[in-house]
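To start, the structure itself, in structure tokens.
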Amino acid sequence: MNSVKSNSNGRMDMGLYALNKLACAGSILLLLTIVSWMWPQGAARPASILGASIPLEHWVYGYALTSSLAADAVISFIPSLSKMKQATLYGAAGFLFFALLADGSPSTLWIRGAAGVLMLMMYLWGKTFFTGQSLLTLFFALVVPLLCWAIL
């Protein structure tokens, strides 16, 4: 009987973890949508600065979410890290994923790396801001991405 209870708790924890990641991605997508909406040239401008003409959704849900999951995997193997060391690990993962794995010209490597670091810092911030008991988490995970895609 106890094993059933612990399994459902584990599934709930995994669901809340996934919801947290989606809420973080929604907040990043909202920020990038606002920036691209206010920019005179439109939505293509931030992607062109990053050196590749892929949609903002791919940057957020493809590169940033994947690198955040990779950073969390490394952190799970080293559980007693301070917040500063976790931030350093997140920053390194963001830089590596965006600067080295993103396709684009070498001249924009540092700009892509800095964008990756900033996005991963938002994921780290979201780990404490978006909690499982908050309706704000559901709003940013489910509603905000739909609104952003409707705007873009």
Side-chain angles (χ1 to χ4, degrees), residues 10 13-134 136-152:
D13 290 343
M14 288 303 295
L16 292 175
Y17 174 76
L19 193 62
N20 177 277
K21 291 297 176 186
L22 290 174
C24 293
S27 67
I28 294 169
L29 186 63
L30 177 65
L31 180 68
L32 291 176
T33 301
I34 290 171
V35 166
S36 67
W37 197 29
M38 294 175 67
W39 218 299
Q41 288 83 13
R45 182 70 178 152
S48 66
I49 289 174
L50 293 174
S53 60
I54 61 173
L56 294 176
E57 298 89 8
H58 294 186
W59 286 106
V60 175
Y61 289 97
Y63 290 107
L65 185 60
T66 305
S67 59
S68 172
L69 292 172
D72 282 341
V74 171
I75 288 173
S76 71
F77 289 121
I78 313 166
S80 61
L81 286 177
S82 67
K83 284 288 186 185
M84 186 58 117
K85 290 180 182 176
Q86 287 182 13
T88 303
L89 186 66
Y90 262 76
F95 185 85
L96 289 173
F97 266 76
F98 276 76
L100 302 178
L101 296 179
D103 193 24
S105 67
S107 62
T108 60
L109 178 122
W110 291 103
I111 295 171
R112 288 192 317 259
V117 169
L118 291 174
M119 283 188 207
L120 266 288
M121 289 300 119
M122 287 189 67
Y123 271 100
L124 185 62
W125 166 79
K127 284 173 69 172
T128 57
F129 183 75
F130 294 114
T131 62
Q133 295 81 19
S134 173
L136 196 61
T137 304
L138 284 171
F139 181 75
F140 273 92
L142 303 173
V143 176
V144 167
L146 294 174
L147 292 174
C148 290
W149 286 324
I151 290 173
L152 291 176

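Atom CH2 of W110 has 12 or fewer neighbouring heavy atoms from other residues, nucleotides or ligands inside a 6.0 Å radius.
Closest heavy-atom contact between N20 and G126: ND2-O, 3.0 Å. Taking each heavy atom of A23 and F140 in turn, the nearest pair found is O-CB, 3.7 Å. Between L19 and A141 the shortest heavy-atom distance is CD1-CB, 3.7 Å.
Between the CG atom of L16 and the OG1 atom of T131 there is a distance of 9.0 Å, given to the nearest 0.5 Å. Atom CG of L118 and atom CG of L32 lie 10.0 Å apart (nearest 0.5 Å). With values rounded to the nearest 0.5 angstrom, L81 atom CG is found 6.0 Å from Q86 atom CD. Note that CG of L22 and OG of S27 are 11.0 Å apart. Values are rounded to the nearest 0.5 Å.
Side-chain contact between V144 and L29 is absent, with no heavy-atom pair separated by less than 4.5 Å. Contact of the I28 side chain with the W59 side chain is not registered, since no non-hydrogen atoms from C-beta on lie closer than 4.5 Å. Put simply, the side chain of K127 reaches to within 4.5 Å of the side chain of D72, judged on heavy atoms. Side-chain contact between M122 and M119: absent, with no pair of heavy atoms (C-beta onward) separated by less than 4.5 Å. Contact annotation: the side chain of Y123 approaches that of L65 to within less than 4.5 Å [non-hydrogen atoms, C-beta and beyond]. Put simply, the side chain of L138 does not reach to within 4.5 Å of the side chain of V143, judged on heavy atoms.
Ring planes of W149 and Y61: tilted class, angle from 30 to 60°. Under the 30°/60° scheme for interplanar angles, the aromatic rings of W125 and F129 are found to lie parallel.
At least one donor-acceptor pair closer than 3.5 Å links the side chain of S67 to the backbone N or O of Y63. Using modelled atom types, one side-chain atom of T88 and one backbone atom of M84 make a donor-acceptor pair closer than 3.5 Å.
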